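Here the structure is laid out as structure tokens; the discussion comes afterwards.
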Amino acid sequence: MNENDIIIEVQKGKTENFSMLVDMYKNKVFALAYKFTNDYNEAQDLSQEIFIKVFKHIHGFRFECSFSTWIYKIATNKCIDYRRKNKIGALSFNEEYNNKITLDNESKSVDKSPEEIIITDEGHREVHKIIHDLPDIYKTVVVMYHINESSYKEIAQTLDIPEKTVETRLYRARRLLKERLIKANMGGEIGWNVKKS
């Protein structure tokens, strides 16, 4: 059964099939939530809230865009709402995980579990902290492009912005990251080169 078949079945009332959609998108949704919360448990809770919202609104999905674009739009809006509601500014790591967790820059693999996404490498932790502290408009495109491997077109559709704006935001985000990495005495020559989509 392909993705569209599963969606149609869920819309028809076979709600038990929704778990298949969760399995398809849980790692990417978790990666996005983690970048916004900076906390493993909060990211798990936020991911659950995102899927609850997806489930509640799945009957409104009309196949006018890809399901991934639709779900990422919901996830992105929920993450931004979370940040506003919790007034997250400065970094605030959960004590239990402070100094020992971060998002693996290899988390692009959809085969990784949320637990496998968390690693202990010092350099990656610093990069994660810097990404977390970016303004939302830049953080969102960085996570969608580099972590979730969305194309310019998919990001543009999800955020309702032109593809040129996606390119501009990615450029500015990478410039900010480089400046902050240099400030953190980590150099700045990391692999953030744009691949034209």
Side-chain angles (χ1 to χ4, degrees), residues 24-39 42-43 46-47 49-51 53-54 64-91 102-110 112 114 117-118 123-184 186-197:
M24 288 177 191
Y25 290 97
K26 65 184 178 185
N27 294 339
K28 290 184 175 185
V29 167
F30 177 83
L32 184 65
Y34 188 76
K35 283 295 185 189
F36 273 82
T37 61
N38 224 1
D39 180 282
E42 288 289 322
L46 185 54
S47 297
E49 286 178 31
I50 288 164
F51 282 113
K53 188 164 185 180
V54 169
E64 292 163 358
C65 63
S66 70
F67 188 69
S68 63
T69 297
W70 187 76
I71 201 170
Y72 292 148
K73 180 173 257 181
I74 290 173
T76 301
N77 289 338
K78 197 82 175 146
C79 288
I80 291 169
D81 287 346
Y82 170 90
R83 292 258 301 179
R84 287 183 187 136
K85 192 169 27 171
N86 292 278
K87 296 179 180 169
I88 296 172
L91 294 170
T102 189
L103 252 184
D104 184 351
N105 69 350
E106 302 270 326
S107 64
K108 293 176 182 177
S109 170
V110 294
K112 287 180 179 284
I117 290 172
I118 307 300
H124 291 156
R125 180 168 54 251
E126 191 63 36
V127 171
H128 167 69
K129 286 193 280 187
I130 291 169
I131 291 172
H132 176 267
D133 211 26
L134 285 174
D136 288 345
I137 63 166
Y138 299 135
K139 181 189 355 230
T140 303
V141 294
V142 166
V143 173
M144 291 182 75
Y145 186 79
H146 289 287
I147 306 297
N148 288 348
E149 294 186 303
S150 299
S151 68
Y152 283 10
K153 185 177 181 181
E154 289 169 330
I155 297 169
Q157 288 175 342
T158 301
L159 301 179
D160 287 327
I161 57 176
E163 286 184 48
K164 190 68 181 167
T165 303
V166 173
E167 186 175 2
T168 301
R169 287 184 186 179
L170 276 169
Y171 171 78
R172 289 178 181 162
R174 281 190 285 271
R175 195 171 60 186
L176 276 172
L177 282 166
K178 186 172 181 177
E179 287 168 5
R180 292 178 187 187
L181 284 167
I182 289 169
K183 241 183 228 182
M186 293 184 61
E189 298 303 320
I190 55 175
W192 295 101
N193 295 325
V194 180
K195 296 177 296 206
K196 276 304 227 178
S197 301

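Atom set for the values below is all heavy atoms of this structure, side chains included, hydrogens, waters and symmetry mates excluded. Since we're looking at a predicted model, the values are computed, not measured.
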Roughly how far, to the nearest 0.5 Å, is the [atom2] atom of [Y] from the [atom1] atom of [X]?
X	Y	atom1	atom2	answer
Tyr171	Leu176	OH	CG	10.5 Å
Tyr34	Asn38	OH	CG	6.0 Å
Arg83	His132	CZ	NE2	5.0 Å

- Task: Would you check if there is a donor-acceptor pair between the side chains of Thr69 and Ser66 at a distance under 3.5 Å?
- Result: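 On atom types as modelled, these side chains qualify, holding a pair under 3.5 Å.
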- Is a side-chain donor or acceptor of Thr165 paired with a backbone partner of Ile161 at a separation under 3.5 angstrom?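 Answer holds: no.
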- Message: Quick one: does any side-chain atom of Glu154 pair with a main-chain N or O of Ser151 as donor and acceptor, under 3.5 Å?
- Response: yes
- Considering all heavy atoms, the nearest Leu46-Ala33 contact: CD2-CB, 4.0 Å
- Taking side-chain hydrogen bond (donor to acceptor under 3.5 Å, both in side chains) as the test, write out the residues that go with Lys53, two or more places apart.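 By the side-chain hydrogen bond (donor to acceptor under 3.5 Å, both in side chains) rule, Lys53 matches no residue at all.
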- Asp160/Lys73 salt bridge by N-O under 4.0 Å criterion: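 Salt bridge flag = yes for Asp160 with Lys73.
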- Could you walk me through whether Ser150 and Tyr72 pass the side chain to side chain contact (heavy atoms under 4.5 Å, CB included) test, one step at a time? CA-CA 10 Å; Ser150 299; Tyr72 292 148; 4.0 Å; yes
- Message: Within the structure provided, determine whether Thr37 and Cys79 are in side-chain contact (heavy-atom separation under 4.5 Å).
- Response: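 No, their side chains stay 4.5 Å or more apart.
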- Message: Does Lys139 qualify as a cation-pi partner of Phe36, given the criterion of NZ or CZ under 6.0 Å from the six-membered ring centre and within 45 degrees of its axis?
- Response: yes
- Message: Would Tyr145 and Tyr152 count as a ring pair (Phe, Tyr, Trp, His ring centres under 6.0 Å) here? Give the steps.
- Response: CA-CA 8 Å; Tyr145 186 79; Tyr152 283 10; 5.5 Å; yes
